[in-house]
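What follows is a single structure, written as structure tokens, with notes after it.
Proteins get letters first, then strands, A, B, ... in listed order; numbering begins at 1 in each.
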Amino acid sequence: MRKNTFGDCLIIGEIGVIGLAEASHLAAVFLKLSFTDCSGLFAACLGVLFALGVGVLIRRRKHIFTRSRSETPAGALGEQRILYAVFGLIVISQLIFIGMGNAIYRQGDMMTETVESFLVSDGIYRVNPMTGMPYTEGMPLRLKILCLPTLYGSLCRWTGIRPAFLVQKLVPMAVLLSSYGAFSLLGRALFPTEGRKRVWFLLGVSVLLWAGAYGYGMEGFDLLCCGWRGTAIRGGVLLPWTLSLCLRRVWPGIILCILAEACMVWTFYGCGACLAAAAGLTLTLLFCRKLSGRAADRAPEKGAERGGAI
Amino acid sequence: MTELFRNAYMGWADYKGSGKMAGLLLIALVFLWFTGKAKEQRGFLLYAAVSAACCILPVTAVPLMLYQTRFYDYEWIWTIVPLTGAAAYGFAVFLAGQWERGDRESRRRALGATALLVLAMGLCGSLGGDAEGRARENAERKEAYAVVGMLSQRYPGEELCLLAPRNILEYAREADGRIRLVYGRNLWDESLNAYAYDTYDEKALLLYRWMDWVEQSAGVWMPEEDREEMFDTLEERTKDAAAMGVNCFLFPAGVPSEMTERMESALGTSALTLGDYIVFTLF
């Protein structure tokens, strides 16, 4: 598999957006900027990122957009098309499910109220999102520095979309699609030469997300019922991509994932699930390689012994 | 530490009790190992197995719970397990194998296997979950949005500080961020208190309890002693609320007429009807 595909570039772009939102958010928190200034700063940074991204894509287009050699026999293409169509229908059904908004889970979460309070008070955490009154004791810094409310609030300010609609419907739809992008990359890493199995893999993921929509903490539940949360983005996008990067041994992307998680989710001093998963999988891969190396070393020895006996 | 161990043990019991996705992962891993189909991605599958084992065993689950900070519940340690990825890998290997042969008989068998597997995966969840609870919640949300919309329309430009039944306050700030409250959703959803050091004073707690009685008084029945205490403290609670900044009182329309009259005299204003509610305003 190529080192960086278009899918990788899209996820890198998303992480770039999260990083810029974090930078603007921190600037506003520590310099006490108004939310209007914060979203303006974020817009300017985004413009630069977009220009850079387009530049990189144009410059490396041959490398990024070149289609990998098809390893699928012509007869299997029809089957793959049918599987992709079924997969597409499942994804559409999930998008409709999110759009209907019948299973929004907001217990323990105050994202919409926070975005509303940013927009109304034109400041970051100037009022308690739960009441709209000024804070009496304040809030923990570890939560104050997380950037998603600024990202969603800025999108609301630029587009005029109501926070509840953007946060509870549009963002989860975008996160779900990104998640399939990340799982597609994981599928490519798991089945580098078998396109047919990759489609089955994606189908399996889509069925599992539906099945997992039953309970708090499951990936399906996070993506379908509360896809705006940092934990949903981590579980649905960052972690599958981290695993695919580990399997492909593309290390810089993993650092981006760790940083993005620290910007969105309260972690143990930045050491979140992405770091743990990357470290765990890397160690396991090293262990397996060492094991297979020993087995390979032993094989010629055994062969030599047998040869000697003959 | 004992509490953490208990949480880890009980957490796993809850996790496997509420759904069978972890079981599905274990079945996928067993299938891949015992059919020799795990060779190509041995590292990935070994990692999935080891990380799942670490989440199941309390001895290893506790350090993971400490690592993820105590802010999160037990189920979040499963984040590090590639549950969906590994189970989908097993799904892909199994079904791609089933559909490999092109003759009609094999395809018929593969179709049956696919249907059975998808059904089994569906049964690992709860097939729609608590639909009744969700429908009730959606109806409440719809009503709250409608009431808040009516308030904003009737009093444009006013800075409303609202005291209303719990199902309205639940969505009030989400529906319109300009509305202020003397107590919010974090009073009954305690997990939200992790987001701020602020706490509610005694008066806010008494007001919350009193509003609960007001809601009950509009219903069919409420305990007599609660009813008495509600009426005995009506003026005091109203005064407290006004002192805390409330300028808009929203009660269910079915509250006793004695309450409406005493509220009108306590606030020096008359009640207005707003859908299924009555409103007292101080502006």
**Item:** Trace of the side-chain contact (heavy atoms from CB on, under 4.5 Å) decision for A/T112 with B/Y171
**Value:** CA-CA 10 Å; A/T112 314; B/Y171 299 100; over 6 Å; no
**Message:** Let's test your reading of the structure: which of B/V93, B/L95, B/I80 forms the most heavy-atom pairs below 4.5 Å with chain A?
**Reply:** B/L95
**Prompt:** chain B heavy atoms under 4.5 Å from A/S117: which part of the residue, side chain, backbone, both or neither?
**Reply:** both
**Request:** Rounded to the nearest 0.5 Å, what's the gap from CZ on A/R106 to CZ on B/R141? Could you check?
**Result:** 5.5 Å
**Request:** Rounded to the nearest 0.5 Å, what's the gap from CG on B/L192 to CG on A/D109? Could you check?
**Result:** 7.5 Å
**Request:** Using a cut-off of 6.0 Å, state whether more than 12 heavy atoms not belonging to B/Y72 lie near its atom OH.
**Result:** yes
**Message:** So that I can tick it off, tell me whether A/K197 and B/E100 are bridged by a salt bridge, with the cut-off set at under 4.0 angstrom between side-chain N and carboxylate O.
**Reply:** no
**Prompt:** Hey, does B/R42 have a side-chain heavy atom less than 4.5 Å from the side chain of A/R289?
**Reply:** no
**Item:** Interatomic distance, A/L83 atom CG to B/W99 atom CH2 [nearest 0.5 angstrom]
**Value:** 8.0 Å
**Asked** Can you tell me how far the OG atom of A/S206 sits from the CZ atom of B/F91, to the nearest 0.5 Å?
**Response** 7.5 Å
**Prompt:** Which region of A/L286, side chain (C-beta onward) or backbone (N, CA, C, O), has a non-hydrogen atom less than 4.5 Å from a non-hydrogen atom of chain B, or is it both or neither?
**Reply:** neither
**Prompt:** Counting heavy atoms not belonging to B/E143, are there more than 12 under 6.0 Å from its CD?
**Reply:** yes
**Complete:** When the 4.5 angstrom heavy-atom criterion is applied to A/W266 and chain B, the contacting part is both
**Contact origin within A/M111 toward chain B - heavy atom pairs under 4.5 Å** = neither
**Prompt:** Which bit of A/L190 is near chain B, if near means a heavy-atom gap under 4.5 Å: side chain, backbone, both or neither?
**Reply:** both
**Message:** Let me confirm one number: the CG-CG distance from B/N138 to A/N102, rounded to the nearest 0.5 Å.
**Reply:** 4.5 Å
**Structural part of B/E190 lying under 4.5 Å from a heavy atom of chain A** = neither
**Prompt:** Are more than 12 heavy atoms from other residues, nucleotides or ligands located less than 6.0 Å from atom CZ of B/R178?
**Reply:** no
**Prompt:** Quick one: what part of A/V265 sits under 4.5 Å from any heavy atom of chain B, side chain, backbone, both or neither?
**Reply:** both
**Asked** Can you tell me how far CG of A/L238 sits from OG1 of B/T79, rounded to the nearest 0.5 angstrom?
**Response** 11.5 Å
**Message:** Under 4.5 Å from any heavy atom of chain B, what part of A/E219 do you find: side chain, backbone, both or neither?
**Reply:** side chain
**Asked** What part of A/P140 lies closer than 4.5 angstrom to a heavy atom of chain B: side chain, backbone, both or neither?
**Response** both
**Message:** Go through it in stages, so that I can follow the logic: the residues are A/M130 and B/R173, the test is side-chain contact (heavy atoms from CB on, under 4.5 Å), and I'd like the CA-CA distance, side-chain angles, deciding distance and then a yes or no.
**Reply:** CA-CA 7 Å; A/M130 286 291 92; B/R173 296 265 314 142; over 6 Å; no
**Message:** At a 4.5 Å cut-off on heavy atoms, which part of A/I104 comes close to chain B: side chain, backbone, both, or neither?
**Reply:** both
**Message:** Can you tell me which portion of A/L239 sits under 4.5 Å from chain B's heavy atoms? Options are side chain, backbone, both or neither.
**Reply:** side chain
**Asked** At a heavy-atom separation under 4.5 Å, does A/F221 approach chain B through its side chain, its backbone, both, or neither?
**Response** neither
**Message:** If I measure from the heavy atoms of chain B, does A/R234 come under 4.5 Å with its side chain, its backbone, both, or neither?
**Reply:** side chain
**Top of B/F44, B/W76, B/Y74 for chain A proximity - count of heavy-atom pairs under 4.5 angstrom** = B/W76
**Message:** Under a 4.5 Å cutoff for heavy-atom pairs, which residue among B/N193, B/L181, B/D198, B/D73 has the most contacts with chain A?
**Reply:** B/D198
**Request:** Could you please spell out the steps behind the ring pair (Phe, Tyr, Trp, His ring centres under 6.0 Å) verdict for B/Y197 and A/Y135?
**Result:** CA-CA 9 Å; B/Y197 295 126; A/Y135 279 103; 9.4 Å; no
**Request:** Check the pair B/Y195, A/K144 against side-chain contact (heavy atoms from CB on, under 4.5 Å), reporting the backbone distance first and the verdict last.
**Result:** CA-CA 9 Å; B/Y195 292 97; A/K144 202 175 189 175; over 6 Å; no
**Request:** Under 4.5 Å, counting heavy-atom pairs only, tell me which of B/M121, B/E174, B/R180 racks up the most with chain A.
**Result:** B/E174
**Request:** Could you walk me through whether B/Y47 and A/L243 pass side-chain contact (heavy atoms from CB on, under 4.5 Å), step by step?
**Result:** CA-CA 10 Å; B/Y47 168 68; A/L243 297 177; 4.3 Å; yes
**Request:** Counting only heavy atoms closer than 4.5 Å, note whether A/L247 contacts chain B via side chain, backbone, both or neither.
**Result:** side chain
**Message:** Within the 4.5 Å heavy-atom criterion, are B/T84 and A/F183 side-chain neighbours or not?
**Reply:** yes
